[in-house]
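Encoded as structure tokens, the structure appears first; notes follow it.
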Number of protein chains: 2
Amino acid sequence: MALTNDQTVEIAEIFRLMGDPTRLRILIYCLDGPVAVGDLAQATGASPSLVSHHLRLLRAARILRAERRGKKVYYDAADDHIRTVVGDMIDHVAEPAEDGED
Amino acid sequence: MALTNDQTVEIAEIFRLMGDPTRLRILIYCLDGPVAVGDLAQATGASPSLVSHHLRLLRAARILRAERRGKKVYYDAADDHIRTVVGDMIDHVAEPAEDGED
DNA sequence: TTAATACATGAACATGTTTTCATATATTAA
DNA sequence: TTAATATATGAAAACATGTTCATGTATTAA
């Protein structure tokens, strides 16, 4: 499959955003359903401010989406592709190395 | 699925490496079969030196693997998970936005 | 051995990113 | 309105990364 330059850059941008451990932790916590910012901060051990900064990036890239309910804002995966990509990668790491590699 | 901290960091590292446009282009060219370094440089428009630097990172993370044949060194995807992850992401970008997003 | 080709590597520059801290905004309750 | 909770944001500090250039190593052929 051939990609345009814009598509390549867009994909790289999504991978890049997934490529920071703090942000990836936040993302993974959001894969199973909406989670509030404060809960993400608690779960990840990052400050609410830092979590909020990361959430903004993830949201801007349409990796996550936000929904306010009262005082809290809940974030969850923007679509199933995101879940699939992260799921595949988890499988990749969970599996033992394949034959033939050096 | 619960991940250890090491696993999370390992996954983030792989995503991070896929998250640079030059490196992603190199990776995508390697998905369909072994490609020599010089051909990757030509195809991507990057210098052989830069391609080599990127290949070293991709190889160290076991995203690609190398095989020398005479003077040339051929790189290809280390396993099918890599192909799957990139393929999923291409689908993600190729598809129109889903319902319900803001 | 020498030369030519193909790739790899170290150092340095330029740029970009993550994180913290202080402060601002939104929502609800009193 | 005031206070309390929850989240967002701007700026700066600390740190990391991509790229280039010069040079080094491997392989083959003469």
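Because the structure is predicted, anything quoted here is derived from the model rather than measured. Numbers restart at 1 for each chain; the letters A, B, ... are given by sequence-line order, proteins then strands.
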Quick one: is A:R56 getting a side-chain N or O under 4.0 Å of the D:dT9 phosphate, OP1 or OP2?
yes
Could you write out each protein N or O paired with an N or O of nucleotides 19-21 of chain C at a distance under 3.5 Å?
{"residue": "C:dT19", "atom": "OP1", "partner": "A:T22", "partner atom": "OG1", "Å": "3.3"}
{"residue": "C:dT19", "atom": "OP2", "partner": "A:H54", "partner atom": "NE2", "Å": "2.8"}
{"residue": "C:dT20", "atom": "O4", "partner": "A:H53", "partner atom": "NE2", "Å": "3.3"}
{"residue": "C:dC21", "atom": "N4", "partner": "A:S49", "partner atom": "OG", "Å": "2.7"}

Once side chain to side chain contact (heavy atoms under 4.5 Å, CB included) is applied, do any residues pair with B:A43, and if so which ones, sequence neighbours excluded?
B:Y29
I want to verify a distance call: between D:dA8, C:dA8, C:dC7, whose nearest atom is closest to the B:L55 side chain?
C:dA8
With respect to the side chain of A:R16, which nucleotide from C:dC7, D:dT7, C:dT17 is positioned closest?
C:dT17
Is the NZ or CZ atom of A:R69 positioned over A:Y74's six-membered ring, under 6.0 angstrom from the centre and within 45° of the axis?
yes
Whole Å only: how far is the CD atom of A:E13 from the C1' atom of D:dT17?
15 Å
Touch check for B:K71, heavy atoms < 4.0 angstrom, all strands: base, sugar-phosphate only, or nothing?
base
Value for CD1 (A:I63) from SG (A:C30), rounded to nearest 0.5 Å, stands at 11.0 Å
Can you tell me how far the CD1 atom of B:I26 sits from the CG atom of B:L64, to the nearest 0.5 Å?
8.5 Å
With a non-hydrogen cut-off below 4.0 angstrom, is A:Y75 in contact with a base, only sugar-phosphate, or nothing?
sugar-phosphate
B:R65 and B:E67 ion-paired at < 4.0 Å:
no
